[in-house]
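Notes follow once the structure below has been shown.
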There are 2 protein chains.
Amino acid sequence: MNNRTPKDGAESGGAVEIAYRHIRSAIVTGELKSGEALQEAKLADQIGVSRTPVREALQRLSNEGLVVLERYRRGQVANFSMSEVAEVFRLRAKLEGHGARRAARRITPSQIDHLEELEREMESIFAKLGWHGHLSQFDHLNNEFHATIASAADSPRLDRILASALELPPSIFNFYREPLEDRTRRTHRQHREIIDALKAGNPDWAEAAMNAHLLSILTDPNPEPE
Amino acid sequence: MNNRTPKDGAESGGAVEIAYRHIRSAIVTGELKSGEALQEAKLADQIGVSRTPVREALQRLSNEGLVVLERYRRGQVANFSMSEVAEVFRLRAKLEGHGARRAARRITPSQIDHLEELEREMESIFAKLGWHGHLSQFDHLNNEFHATIASAADSPRLDRILASALELPPSIFNFYREPLEDRTRRTHRQHREIIDALKAGNPDWAEAAMNAHLLSILTDPNPEPE
DNA sequence: CTGATGAAAGTTGCATGCCAAAACAATCAA
DNA sequence: TTGATTGTTTTGGCATGCAACTTTCATCAG
């Protein structure tokens, strides 16, 4: 079973990267459901690599919180309670708010162009495909939008934390009661406001706008004490 | 070269854990200096495990930011500039401030006892051994002190971020100009104040005290815009 | 039928080997 | 001497095999 691929078309990284993307995407699209068991051998076979890179990929996903690993036990797709989702957005608000504040004073014109371009793309695929069709692409663009701001904050640690510890499968949005189209339109407005604040170089505004954006996700009133 | 150890005395986890602790401790104590190359085979041999668990351990350390990995390149011990250290403490202030705020309403009496016990221990070993002797033990107890508060915040993600993305080798303290004894004494006072705030169940106070504690590390005035 | 028990099957943890890419060294041209 | 070039050595990336452990399932006592 030697499926060595000396040059696999549009391949970017190594086998770990392939496995990582594959599994992550399966989780993100809901193909792998919360709580579902993850068997190294099966995944390896399915992806076309050996167990070693699959193990590394699962390790990474475990760090990111998308997968739960326990010694000698089968991995599982993590499941996210509403309160966990809320907590993630609270933490992201703290960190990305901080990031936006710093970014307001450091962001370059070309980064702002990039943000505007990303936002245009998001709006255009939303207009073309509607919510359900655009979920996966939206996730990607939206992640890059936030990552661009974080990187403008010039804090590699912040980058890493946001990229690795505070990601959620976009499928969680499907649990919300609010019509998804409404939520999406609001998201776009908020993105534009954040861009405005960054363009103006106003740290307070940028932080506040980012906070508003992230905390608006928590529409369901949450009864626990702050 | 089969150094299999069917039951290795007071062993806790697996080979990965052994490798992880070994390498981490070497970095933390300064045995491995910043920028030093990390060769899988050499480490594996030295630790007494194979390369596979060493690779996993390095992966973990890379996620934690203590090690820098790049595909096909030798790993290196990360090096921490003053501005990175400052940024870590700013991020910790945001996150642990949030944690302390939540903890103030949730912490249990037994957790408070635990904090007081930890603080007593820290002060006692400091009194006995002075700064240089107590560095490694202090690091351990101090980490548990902060981890206890974070866990009282009842936010597993926060736990994981603090444990994995915002750790620094305690050796960085040696770069500060301020006499270490002074700094340590202030740390103890601040710890006691944090405990007081938590005991009082006052979220604002707890957050503020935690912020004061973490931001006081940045004694060197930093000229960059916030 | 229910819960305990133990063997068989399945899965993960780790060691090892091979190959490809990087690091290094020697050689040569300018 | 210096910088480029090529050949050699070193080292990391991945596949695979075996051992340790968990899970499953059949069996049996109650």
Side-chain angles (χ1 to χ4, degrees), chain A residues 1-24 26-27 32 35-64 66-78, chain B residues 1-24 26-27 32 35-64 66-78:
Chain A
M1 197 193 291
N2 183 359
N3 38 21
R4 184 167 298 274
T5 53
K7 217 68 184 186
D8 193 328
E11 175 183 341
S12 53
V16 175
E17 198 62 23
I18 295 173
Y20 171 79
R21 282 190 217 282
H22 185 105
I23 301 170
R24 185 172 202 288
I27 294 174
L32 286 169
E36 193 160 341
L38 297 165
Q39 301 180 48
E40 296 179 358
K42 193 168 293 183
L43 289 168
D45 196 45
Q46 188 176 328
I47 297 170
V49 300
S50 85
R51 284 176 47 219
T52 308
V54 170
R55 280 178 64 79
E56 272 193 41
L58 289 176
Q59 197 73 28
R60 252 175 90 180
L61 290 163
S62 161
N63 271 317
E64 299 179 9
L66 289 177
V67 161
V68 178
L69 290 181
E70 213 172 336
R71 191 178 157 83
Y72 286 122
R73 299 276 172 75
R74 286 184 220 148
Q76 295 185 182
V77 180
Chain B
M1 197 194 292
N2 182 359
N3 37 22
R4 185 166 296 276
T5 51
K7 217 70 184 184
D8 194 328
E11 175 182 341
S12 54
V16 175
E17 198 62 24
I18 295 173
Y20 171 77
R21 282 191 216 281
H22 185 105
I23 300 169
R24 185 174 201 288
I27 294 174
L32 286 168
E36 193 160 343
L38 296 165
Q39 301 179 44
E40 295 181 357
K42 193 169 292 183
L43 289 168
D45 196 46
Q46 187 177 329
I47 296 170
V49 299
S50 85
R51 284 173 46 217
T52 308
V54 170
R55 278 178 66 78
E56 274 193 38
L58 289 176
Q59 197 73 27
R60 254 175 88 180
L61 290 163
S62 161
N63 270 315
E64 298 180 10
L66 288 177
V67 161
V68 178
L69 290 182
E70 213 172 336
R71 189 178 156 81
Y72 285 121
R73 299 278 172 75
R74 287 184 214 151
Q76 294 186 182
V77 180

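If you're wondering where the values come from, they're calculated on a predicted model, not measured in any experiment. Naming convention: chains lettered A, B, ... in sequence-line order (proteins, then strands); numbering from 1 in each chain.
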For the pair made of [atom1] in [X] and [atom2] in [N], what is the distance, rounded to whole Å?
X	N	atom1	atom2	answer
B/Leu69	C/dA22	CG	P	15 Å
A/Arg74	C/dG10	CZ	C1'	8 Å
B/Leu43	D/dG12	CG	C1'	13 Å
B/Leu58	D/dG13	CG	C1'	14 Å
B/Lys42	D/dG12	NZ	P	10 Å
B/Arg73	D/dT10	CZ	C1'	14 Å
B/Glu56	C/dC14	CD	C1'	9 Å
B/Glu40	D/dG13	CD	P	6 Å

Nearest to the side chain of [X], which nucleotide is it out of [options]?
X	options	answer
A/Ser50	C/dT16, D/dC14, D/dT22	D/dC14
A/Gln39	C/dT11, D/dG12, D/dA15	C/dT11
B/Tyr72	D/dT23, C/dA21, C/dG13	C/dA21
B/Pro53	C/dT12, C/dA15, C/dA22	C/dA15

How far apart are the C-alpha atoms of B/Arg55 and A/Glu56, what are their side-chain angles, what is the distance that settles it, and do they pass the side chain to side chain contact (heavy atoms under 4.5 Å, CB included) test?
CA-CA 9 Å; B/Arg55 278 178 66 78; A/Glu56 272 193 41; 2.9 Å; yes
Sugar-phosphate, base or nothing in reach of B/Leu38, heavy atoms under 4.0 Å
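Touches sugar-phosphate only.
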Mind checking if A/Arg51 touches a base, just sugar-phosphate, or nothing, with heavy atoms under 4.0 Å?
base
Any side-chain heavy-atom pair from A/Ile47 and A/Ile23 closer than 4.5 angstrom?
yes
Please tell me if B/Arg71 has a side-chain N or O lying less than 4.0 Å from either OP1 or OP2 of D/dC14.
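Yes, because at least one side-chain N or O of B/Arg71 sits under 4.0 Å from OP1 or OP2 of D/dC14.
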Think B/Arg55 has a side-chain N or O under 4.0 angstrom from the OP1 or OP2 of D/dG13?
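Checking D/dG13 against B/Arg55, a side-chain N or O does come within under 4.0 Å of OP1 or OP2.
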Is a salt bridge present between A/Glu40 and A/Arg74, judged by a nitrogen-to-oxygen distance below 4.0 Å?
no
Starting at CG of B/Leu69, measure out to CD of B/Gln76 and round the result to the nearest 0.5 Å.
9.5 Å
Test item: side-chain donor near acceptor, B/Tyr20 and B/Glu64, under 3.5 Å
yes
